[in-house]
Peer 1: 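Here it is, the structure, as structure tokens.
Note that these values count all heavy atoms, side chains included, but never hydrogens, waters or copies made by symmetry. Within every chain, numbering begins at 1; the chains are lettered A, B, ... in the order of the sequence lines, protein sequences first and strands thereafter.
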Protein chains: 2
Amino acid sequence: MVTIGDIARAAGVSRSTASYALSGKRSISAEVRQRVADAAQELGYTPNAGARALATSETMVIGLLARFHEDEFAPAMLQYMLGVSDTARELGYDTLLVTEADGTRALRRITRSRMVDGVVLLNVAQDDARLPLLRSAPQPGALVGLPGDPSGVDVFDLDFEAAGRLMVDHMHRLGHRELLLVSQPENVVERGGAYVWRLQGAVVQQARARGIELHAVFGESRQPAVGRSLHALLDAHPTATGLLLNNEAAAAALPSVLHARGLEAPRDLSVIGRYSDEFARTFSLPFSSIESAPDLLGEMAVRQLVRRITTPGARNEPHVLRLLQPELIDRGSTAPPASGNPG
Amino acid sequence: MVTIGDIARAAGVSRSTASYALSGKRSISAEVRQRVADAAQELGYTPNAGARALATSETMVIGLLARFHEDEFAPAMLQYMLGVSDTARELGYDTLLVTEADGTRALRRITRSRMVDGVVLLNVAQDDARLPLLRSAPQPGALVGLPGDPSGVDVFDLDFEAAGRLMVDHMHRLGHRELLLVSQPENVVERGGAYVWRLQGAVVQQARARGIELHAVFGESRQPAVGRSLHALLDAHPTATGLLLNNEAAAAALPSVLHARGLEAPRDLSVIGRYSDEFARTFSLPFSSIESAPDLLGEMAVRQLVRRITTPGARNEPHVLRLLQPELIDRGSTAPPASGNPG
DNA sequence: CTGAAAGCGCTTACAG
DNA sequence: CTGAAAGCGCTTACAG
């Protein structure tokens, strides 16, 4: 392998001069700088990452801890991952992807061994076991997802409570008085998926405040269970005129369910989901939705993380808790309720 | 940070003895070994990855080069990524995820800087610009996807030609005599997506051999274009009785299209797709399909890569080219053609 | 069975 | 503006 010693020799200077010439960290005569640059170019020099990390205590790598559960809709996760990975690269960082089931073990490994300069956690739970570890790690951490205790880390998430209220108010304004809500599967809640009950709680409360009758259920994450549960819900509440979805799998399954029942949105049922526009386009979802902005959230998390890594003193600044205000993307799937019973 | 010097001091031995005690690379008295283990445990010692990499020339990280194009269906990629990442971890490796658009630049960076011990390439093109670079890299490489020139790397892929023949023969056996084939978007082919024409070529040839009339088109990757193109295809060939799909987005969109036309599979149209069972369950796809086995292919690639990394001499063994024989998962979407015209 | 020392390839005070 | 040297934290021949 070609080392900085090779460059130095080729350029006829010392290794330190070669290093400084390449980094620009001290003034070097134009001529020497050119000779070093030429040598590096010619020999195809790239600094050894391990050696540099050892010398500088910086790896230029951020850790991305994702987790995939059988009962969650994996494709939605990919967009967060890409938001993180693309932004990291833009800022000069590579991304160590960790999908290990035991997140605490993984986090301990990559922080203690100094494989990463910082960590982004996805799919954060209310009482996330990875958090105490992350707080005591020497590297800063950023979360996509709001935990019960957000101290010691930077947190970015959609404002799911505002999202719930927005869904209800939008339906209320159109004249709906009986709504259905399909949340994520109950297992997600039991694992501490706080965003599920944050949205659901807000929907329940806002429905009560607006005098709306609400039927809320946990959904499923897989066919055929998803479809069955949607059918069962529609069977059980034939007079409901609006459907709210905080469940990507249910959203993906809904078109078929509506077709099978001879229903159309918004003619027979108004529908609002909660997913990204990217998701909607990929999966052909014709429903208006609260934008979940996974790429933006991933990007914000990485930008803040890198700020903390690179800015002197930023390590001690107060931590950020930023909740994105929800936005409703209108795809024409809501309208005033029909007078008749679509049953 | 706690270093091996701290452990040595705590255990009252030299640093080299501490290192050997932890690695087990030479015999150490049971008593010393225990003292060192206790000290490491107590102080929470984890070797510094950079230092270890510098000393051993092994990073215990593999690079995963994925790429996402606007006109490809991203969720399918995720399964390959997880197959790679999970298997790597199982074998003691972490995964550096690279999603950079400029794959050659990325590959040069991570191989030259010795950030990784080996590289897995996804989404390999016929004349993939990353390949010459990978061949000349000091680290071994494994591909998921068959390029025009598979020399110098280990290659794993589905046997798309056999898959095409299997699709046609299955339909032929049932009595179908006019088939439709929807491939990936033309852009994918233009970029060198060889699997598209490998399957398509085999389908064309086998159809001819069996006396089947075939209408093959490139599909789309996004709504609403996907749906429109499926409708157009069905409009154009009302007498076709079978539909073959080598396009995940088209498969995901097909249920809605069939519903809209009042068609049912297999009553009015027999359908065979090409995607994974995981994909089918996630996206509620009721069609029989050739299993694309992304997790298995990712796993095979990593196992072989790690073999080459770790086994002495394996670096020089002849390279592997393994094409997975296609398997048809029957989900009941094919049957003998109806006598009438489903128009 | 154990220790002192060299070396991996960088960066960066220290000295001129 | 440049060079010689120390040091980052490991591993592993070399020596006993």
Peer 1: Please check: side-chain N/O of Ser136(A) versus main-chain N/O of Leu133(A), any donor-acceptor pairing under 3.5 Å?
Peer 2: yes
Peer 1: Report the residue (Gly50(A) or Thr17(A)) whose heavy-atom-nearest nucleotide on DNA chain C is the more 5′ of the two.
Peer 2: Gly50(A)
Peer 1: Measure the CG-OH distance between Leu22(B) and Tyr45(B) for me, rounded to the nearest 0.5 Å.
Peer 2: 6.5 Å
Peer 1: In dot-bracket, 5' to 3', how would DNA chain C read with Watson-Crick or G-U wobble pairs under 3.5 Å, [ ] for crossing ones and | for pairs to another strand?
Peer 2: |||.||||||||.|||
Peer 1: Starting at the 5' end of DNA chain D and moving along, which residue's nearest nucleotide shows up first, Ser16(A) or Ala55(A)?
Peer 2: Ser16(A)
Peer 1: Decide side chain to side chain contact (heavy atoms under 4.5 Å, CB included) for Val116(A) and Ile62(A); before the verdict, give the C-alpha distance in whole Å, the side-chain angles of both, and the deciding distance to 0.1 Å.
Peer 2: CA-CA 5 Å; Val116(A) 298; Ile62(A) 67 164; 5.6 Å; no
Peer 1: Can you pull the contact range of chain B along DNA chain D, 5' to 3', using atoms under 4.0 angstrom from its heavy atoms?
Peer 2: dG9(D) to dC14(D)
Peer 1: Do the side chains of Arg307(A) and Asp154(A) get close enough for a salt bridge, i.e. N-O under 4.0 angstrom?
Peer 2: no
Peer 1: Check every strand shown and say whether Thr3(A) touches a base, only sugar-phosphate, or nothing at a heavy-atom separation below 4.0 Å.
Peer 2: sugar-phosphate
Peer 1: Assuming nearest nucleotide by heavy-atom distance, tell me which of Met1(A) and Tyr20(B) is located more 5' along DNA chain C.
Peer 2: Tyr20(B)
Peer 1: Begin from the C-alpha positions of Leu143(B) and Leu131(B) and carry the test side chain to side chain contact (heavy atoms under 4.5 Å, CB included) through to its verdict.
Peer 2: CA-CA 10 Å; Leu143(B) 317 188; Leu131(B) 269 178; 3.8 Å; yes
Peer 1: Regarding Thr56(A), tell me which of base, sugar-phosphate or nothing describes its non-hydrogen contacts under 4.0 Å with the strands shown.
Peer 2: sugar-phosphate
Peer 1: Between the side chains of Asp38(A) and Arg35(A), is the shortest nitrogen-to-carboxylate-oxygen separation below 4.0 Å, so that they form an ion pair?
Peer 2: no
Peer 1: If the threshold is 4.0 Å, N to carboxylate O, is there a salt bridge linking Arg89(B) and Asp86(B)?
Peer 2: no
Peer 1: Do the side chains of Asp71(B) and Arg191(B) get close enough for a salt bridge, i.e. N-O under 4.0 angstrom?
Peer 2: yes
